Amino acid sequence: RNQADLKMWLARAVALEMDSKYLSLYPEYTSSVEMLRQIDSHLESLHKSIKARDESGISEWLGKAADLKLDPAMYNSIPEGSEVMKRMKSLRLDLKAKTANVFSPKGGTELKASIEAVLAYDYEHAPEMKEARKAMEIRTEDDRITEGLKEAMQKGGFVEDDSHDAIDTITLTELLEEAKAFEMKTVAGKTAQKNGDRILAIRIAVRAAEKTKVAENWSQLEKRLQESGGDLNSHPEVTFARARVQVQKQRQEAEAKLEAAVEGGHQTNLTMWIRRATDLEMNAKWYAALYPVFEMASSTLNRIIETTNHLVSYEAKRDQEGLETNIKIANSLHMAEEMYPAIPKAKGTLKRMLACRDLLAEAIEDIFKPEGHQKMDKAIKVAKDLKFLHAPEIEEAKEALALRIEDEKHEAKLMLLTKEQGFSNSFEKASMYKVEYGDLSKAIEKAQKFRMRTGSGKSALMRAILIRNLRQSVENAFNTKHLALWKEVSQRARQACEERGELASQPDVQGAVEEAKLARNLRVLERKLKDAIEKRDEKALEVNLVDARALGMHNKYIELFPVYRHASYCLSRIKRIKEKIDEANEKRTLELFEQAVADGEAYEYGKRAATKEFKDICELRDKVGQLYLEAKDCVRMLEENHMKEVLTRARELKVNSKDISKIENYLENTSEERFMQDQARAATALKDVGRNVDLSIRLKNWYLQKYKEQFEL
């Protein structure tokens, strides 16, 4: 079933005349030609069916290809036909599903996309296309009417027309009739139709109610608004119509209130409801003709105001004489106070003016008493609030207040300059300390020149003088060790507390006490450090140096107390001496013992401190020195008993040297013969004839004893 091979071998057979001369011999040629014809015919028909998207044709020729046993792997048209069949079935199923769902929210868009996919696949003749297109047309019409209804609900209402004369109901009516005839299919369309009916009803009701006072019309509009439903709550026309209903209710209320106020001649109510009616435009547009009560109320109010103008004018000017005269006139006319507020107001103002004058006179008299300023402020505030600053007593009151304010300024200045501490010890060096009392002295001088009049001012002046004197004494004593100067600081602080008990918590007093205490502690430490240096007392030096650092003697007061440096040096020397003693005790050499003792004696440590530790190291130095000398003699003389004694003492003292090592080697590692020979040489070198003879005899006896067998006959 190989089309290419058939074509190739048939062409070869023709060349070999198997189609003519030898045809009878090769019947296979004829069957092969027939097979090739069938293959070509099947494939061509299948290709045409695929191109034409002929579902039945594709199915038929795929079946015949299978009957002919054509290999799909050899002929691309066969798998292509199968894929086209699958795609066509998929498109038809999708088209059918989207058609059934065309009226869902996204149904129109999805069906349109499905139709476009079918057309793009050249499958326009699909059986479902007719129904799909019809459904699409219905959905398009539904969407058109829906959008038209939405647009009509947004336009043509009275919200956009300030005159409310051109409310459009025709467009919305026509669209609603069209929707009713069409029978809306989508949820959006049905909702738009329902909302359109409600908006149309509201527009009709608005048109009937606007520019009227007919209660029935406004009630009908309110009913339509209640029927509009929750989904129209935020619609502009519904919102505005509700506002119009509310405003109309307010106009009805204002009309009734104005009629009552005109009836009773009540000025306050007339003023309030005329203002309210103005806010409601009852005197403007077409409302003026609907509400003639507004003009009537305004006229009535003007007549009432005309009657009370004189009293209002004099009350505003705070004219005492004018008020007294016109109140008498009002009384003679029997004008009811409850009906004319200007009358009781004028009487009240006159009463307050008289009281204000009495208050000013009293404040002038008491201006320098503790509450004098507040009393004067109150009196002037009363006059100011009463707009009565032209009262006869006001000038004298201002002069008295100016003196009181000047007194308080001096007091405040003095209190300010004594509130915070006037000196600082926060600098790195005591020599940099500052004491500020110059400004305070100037403030005291000015206050004394002014002559303080208030009790608190005089007290502040005395307080300032005490603190100024204290600061001067602190400045004199700062960065000194003079006992007399620091005694004066303590006396000044004590004087301030005795004369003014509240100064005990004042920063200058507390600071001065602390500084005096610090100076005393520093002097005590200085004595202790000097004593410790003199005695070379390591423990006392350590303790007192820690205390000195805590008080700042190591940085702030280092220049004032050089003893800190001396003490630090003394402690370091003592520690170096002790380190050398420890090193000597550890390494046990004469050189280190001598260095430790020499360093201690050079700094008079042994003489002044006289510690057991130093005495012991001195004794060790002497013992080891003596031992080294004896070891040297032992190595030179090789006297055995002395050598043993020296070695024993060296081991007890745990010391060693070159000579001691030699002694140890002679006594423990050298043979008796060699030892005696070296002893003999040493005696010869020392020219000790007697010892030399003695050693020679001992050596001979040793030989005879050791080698006695060799000498036996």
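From a predicted model like this one, the values you see are computed outputs, not experimental measurements.
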- request: Using side chain to side chain contact (heavy atoms under 4.5 Å, CB included) as the criterion, list what pairs up with Gln510, not counting sequence neighbours.
  value: Ser505

task: Please indicate whether Arg674 has more than 12 foreign heavy atoms, meaning atoms of other residues, nucleotides or ligands, lying under 6.0 Å from its CZ.
output: no

- prompt: So, the side chain of Asn544 versus the backbone of Ala540: is there a donor-acceptor pair under 3.5 Å, distance only?
  reply: yes

message: Suppose we screen for salt bridge (Lys or Arg N to Asp or Glu O under 4.0 Å). Which residues come up paired with Glu645, at least two apart in sequence or across chains?
response: Arg649

field: Minimum side-chain heavy-atom gap Gln679-Glu639 below 4.5 Å
entry: no

- prompt: How far apart are the closest heavy atoms of Ala548 and Leu529, and which atoms are they?
  reply: CB-CD1, 4.4 Å

task: Write out all pairs satisfying salt bridge (charged side-chain N to carboxylate O under 4.0 Å, His left out) with one or both partners inside residues 387-398, taking only residues at least two apart or from two chains.
output: Arg357-Glu393

Residue pairs passing the salt bridge (charged side-chain N to carboxylate O under 4.0 Å, His left out) test where at least one lies in residues 532-553, sequence neighbours excluded: Asp531-Lys535, Glu534-Arg608, Glu538-Lys575, Glu538-Lys578, Glu542-Lys575

message: If we count only N and O atoms by modelled type, under 3.5 Å, do the side chains of Asp508 and Thr418 hold a donor and an acceptor together?
response: no

query: Any donor and acceptor pair, going by atom type alone, linking the side chain of Thr454 with main-chain N or O of Phe368 inside 3.5 Å?
result: no

- prompt: Is any side-chain N of the basic residue among Lys644 and Glu640 closer than 4.0 Å to the acidic one's carboxylate O?
  reply: yes

query: Please, which pairs that meet side chain to side chain donor-acceptor pair (under 3.5 Å) have at least one residue in residues 358-371, sequence neighbours excluded?
result: Glu362-Lys375, Asp366-Lys369, Asp366-Lys375

message: The criterion is side chain to side chain contact (heavy atoms under 4.5 Å, CB included); which residues satisfy it with Lys481, sequence neighbours excluded?
response: Glu526, Leu560, Phe561

message: Quick test of your reading of the model: are Asp279 and Arg275 salt-bridged, counting only N-O distances below 4.0 Å?
response: no

- prompt: Please walk me through it: do Arg576 and Asp599 pass salt bridge (charged side-chain N to carboxylate O under 4.0 Å, His left out)?
  reply: CA-CA 9 Å; Arg576 285 200 300 272; Asp599 198 10; 5.4 Å; no

query: What residues, two or more places apart in sequence or in another chain, satisfy salt bridge (Lys or Arg N to Asp or Glu O under 4.0 Å) together with Arg527?
result: none

message: Give me the atom names and distance for the closest heavy-atom approach of Leu360 to Ala379.
response: CD2-CB, 3.7 Å

- request: Quick one: do Met376 and Arg404 satisfy side-chain contact (heavy atoms from CB on, under 4.5 Å)? Show the steps, please.
  value: CA-CA 10 Å; Met376 182 61 77; Arg404 177 60 188 258; over 6 Å; no

Show me the donor-acceptor pairs within less than 3.5 Å that the side chains of residues 484-493 make with the rest of the protein, sequence neighbours left out.
| from | atom 1 | to | atom 2 | distance (Å) |
| --- | --- | --- | --- | --- |
| Trp486 | NE1 | Ala477 | O | 3.4 |
| Trp486 | NE1 | Thr480 | O | 3.1 |
| Ser490 | OG | Trp486 | O | 3.3 |

query: Do the side-chain N and O atoms of Gln506 and Glu502 include a donor-acceptor pair separated by under 3.5 angstrom?
result: no

message: Is it true that Thr349 and Arg352 share a donor-acceptor pair across their side chains at a distance under 3.5 Å?
response: yes

message: For Lys381 and Leu386: C-alpha separation, side-chain torsions, deciding distance, then whether side-chain contact (heavy atoms from CB on, under 4.5 Å) applies.
response: CA-CA 8 Å; Lys381 185 178 184 302; Leu386 194 57; over 6 Å; no

- prompt: Is the backbone of Phe388 close enough, under 3.5 Å, to the side chain of Arg318 for a donor and an acceptor to pair up by distance?
  reply: no

message: Taking side chain to side chain contact (heavy atoms under 4.5 Å, CB included) as the definition, give me every residue that meets it alongside Glu498, ordered by chain and number, with sequence neighbours left out.
response: Arg494

field: Flag side-chain contact, heavy atom, 4.5 Å: Arg471 against Arg468
entry: no

query: Could you give all pairs that pass the ring pair (Phe, Tyr, Trp, His ring centres under 6.0 Å) test and reach residues 564-595, with sequence neighbours left out?
result: none

field: salt bridge (charged side-chain N to carboxylate O under 4.0 Å, His left out) contacts touching residues 614-626 (sequence neighbours left out)
entry: Lys612-Asp616

query: Can you tell me if Ser459 uses its side chain to pair, donor with acceptor, with the backbone of Gly455 under 3.5 Å?
result: no

task: Take Val312 and Lys345 through the side-chain contact (heavy atoms from CB on, under 4.5 Å) test and state the conclusion after the steps.
output: CA-CA 9 Å; Val312 172; Lys345 185 176 182 181; over 6 Å; no

- prompt: Any donor and acceptor pair, going by atom type alone, linking the side chain of Asn476 with main-chain N or O of Gln472 inside 3.5 Å?
  reply: yes

message: Keeping Asn585 on the side-chain end and Ile581 on the backbone end, is there a donor-acceptor pair under 3.5 Å?
response: yes

task: For the residue pair Asn665 and Thr670, establish whether any side-chain heavy-atom pair is separated by less than 4.5 Å.
output: yes

- request: Kindly confirm or rule out a cation-pi arrangement of Arg453 over Phe450, judged by NZ or CZ under 6.0 Å from the six-membered ring centre and within 45° of its axis?
  value: yes

- request: State plainly whether the residues Arg463 and Glu499 are in salt-bridge range, i.e. N to O under 4.0 Å.
  value: no

field: Which atom of Ala650 lies closest to which atom of Ile660, heavy atoms considered
entry: CB-CD1, 3.8 Å

message: Run the side chain to side chain contact (heavy atoms under 4.5 Å, CB included) test against Glu591 and tell me which residues pass, sequence neighbours left out.
response: Thr589, Gln595

message: Would you say Tyr666 and Asp678 are linked by a side-chain donor-acceptor pair, where the criterion is simply a distance under 3.5 Å?
response: yes

